[in-house]
Amino acid sequence: PEKIEAGINQILTGHPEFGITALEPYIGGNYDQWWPLHYYLGAAYAELEQVDKAIERYLRVLQLNPSHAESMKELADLYDAKGDAVMGEKYRNKIKLVKEN
């Protein structure tokens, strides 16, 4: 947990590349079911403009925590950046549903 926290702190303090290096080894391991791991990796990938990897991580967050609106917002923005307005709209609509419920 301390190494994961250190990796997250690297991302939060503007060093996404170091955060990725610290957190990637936990994908598929004992902490793979912990959605914040994937959320912060998604944020780091997005910051480095690794859009497909960011999308993959945010989708994993939603597998683990289906109503995580922040991940949906990030997905909408990433899909918009890729020029996929249909998927962007899909996640904006999901946010509305989550907020209504």
Side-chain angles (χ1 to χ4, degrees):
E2 293 86 17
K3 290 181 181 179
I4 292 173
E5 184 177 345
I8 290 170
N9 285 335
Q10 288 291 332
I11 294 165
L12 293 174
T13 58
H15 304 286
E17 61 283 351
F18 297 121
I20 289 169
T21 300
L23 298 180
E24 275 185 337
Y26 295 99
I27 295 173
N30 292 339
Y31 294 95
D32 192 60
Q33 298 296 313
W34 191 56
W35 68 262
L37 169 69
H38 301 283
Y39 179 79
Y40 287 105
L41 274 168
Y45 289 133
E47 190 169 333
L48 295 174
E49 298 181 6
Q50 296 178 20
V51 174
D52 291 331
K53 286 185 173 185
I55 288 172
E56 183 180 344
R57 291 299 101 209
Y58 288 126
L59 289 173
R60 181 69 175 130
V61 171
L62 294 180
Q63 287 176 337
L64 299 169
N65 185 358
S67 61
H68 194 257
E70 290 177 40
S71 292
M72 292 177 207
K73 182 202 176 303
E74 296 299 332
L75 282 165
D77 292 345
L78 289 165
Y79 280 118
D80 286 345
K82 283 183 72 162
D84 190 340
V86 171
M87 290 299 287
E89 187 63 23
K90 172 184 174 179
Y91 285 99
R92 280 188 289 284
N93 288 334
K94 285 185 177 223
I95 293 167
K96 290 176 190 172
L97 287 174
V98 167
K99 288 183 178 183
E100 288 172 2
N101 293 323

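In this structure, Ser67 OG and Met72 CE are separated by 6.0 Å, a value rounded to the nearest 0.5 Å. For the atom pair Leu78 CG and Lys73 NZ, the distance stands at 9.5 Å (nearest 0.5 Å). To the nearest 0.5 Å, atoms CG (Asn9) and CD (Glu2) are separated by 12.0 Å. Interatomic distance, Glu17 CD to Gln50 CD, rounded to the nearest 0.5 Å: 10.0 Å. Taking CG of Asn65 as the reference point, atom CD of Gln33 lies at 12.0 Å (rounded to 0.5 Å). Interatomic distance, Leu59 CG to Leu64 CG, rounded to the nearest 0.5 Å: 11.0 Å.
In plain terms, the two heavy atoms of Ala44 and Ile20 that are nearest each other are CB-CG1, 3.5 Å. Residues Ser71 and Val61 share a closest heavy-atom pair of OG-CG1, 3.2 Å. Across Leu62 and His68, no two heavy atoms sit closer than the pair CD2-O, 3.6 Å. Here the closest heavy-atom approach between residue Gly42 and residue Tyr58 is recorded as C-OH, 3.3 Å. When all heavy atoms are compared, the tightest approach of Ile11 to Tyr40 is CD1-O, 3.4 Å. Taking all atoms of both residues into account, the shortest heavy-atom contact from Asp80 to Gly88 is OD1-CA, 3.6 Å.
With a 4.5 Å cut-off on side-chain heavy atoms, Leu97 and Asn93 do not count as touching. Side-chain contact between Leu37 and Arg60: absent, with no pair of heavy atoms (C-beta onward) separated by less than 4.5 Å. Within the 4.5 Å cutoff, the side chain of Tyr91 has no heavy atoms near those of the Asp77 side chain. For the pair Lys82/Ile55, a side-chain contact is recorded, criterion being any heavy-atom separation below 4.5 Å from C-beta on.
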Evaluate the side chain to side chain contact (heavy atoms under 4.5 Å, CB included) criterion for residues Ile27 and Arg57: first the C-alpha distance (whole Å), next the side-chain angles of each, then the deciding distance (0.1 Å), finally the verdict. CA-CA 10 Å; Ile27 295 173; Arg57 291 299 101 209; 4.0 Å; yes

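Using modelled atom types and a 3.5 Å distance limit, the side chains of His38 and Asp32 yield a donor-acceptor pair.
Between Trp35 and Tyr39, the angle of the ring planes goes over 60°, which puts this pair in the perpendicular group of the 30/60° scheme.
In this structure, Tyr45 contributes its side chain and Pro16 its backbone to no donor-acceptor pair below 3.5 Å.
Tyr26 and Phe18 end up in different hydrophobic clusters when Ile, Leu, Val, Met, Phe, Trp and Tyr side chains are linked at under 4.5 Å.
Between Glu89 and Arg92, at least one side-chain N (NZ, or NE/NH1/NH2) sits under 4.0 Å from a carboxylate O, which counts as a salt bridge.
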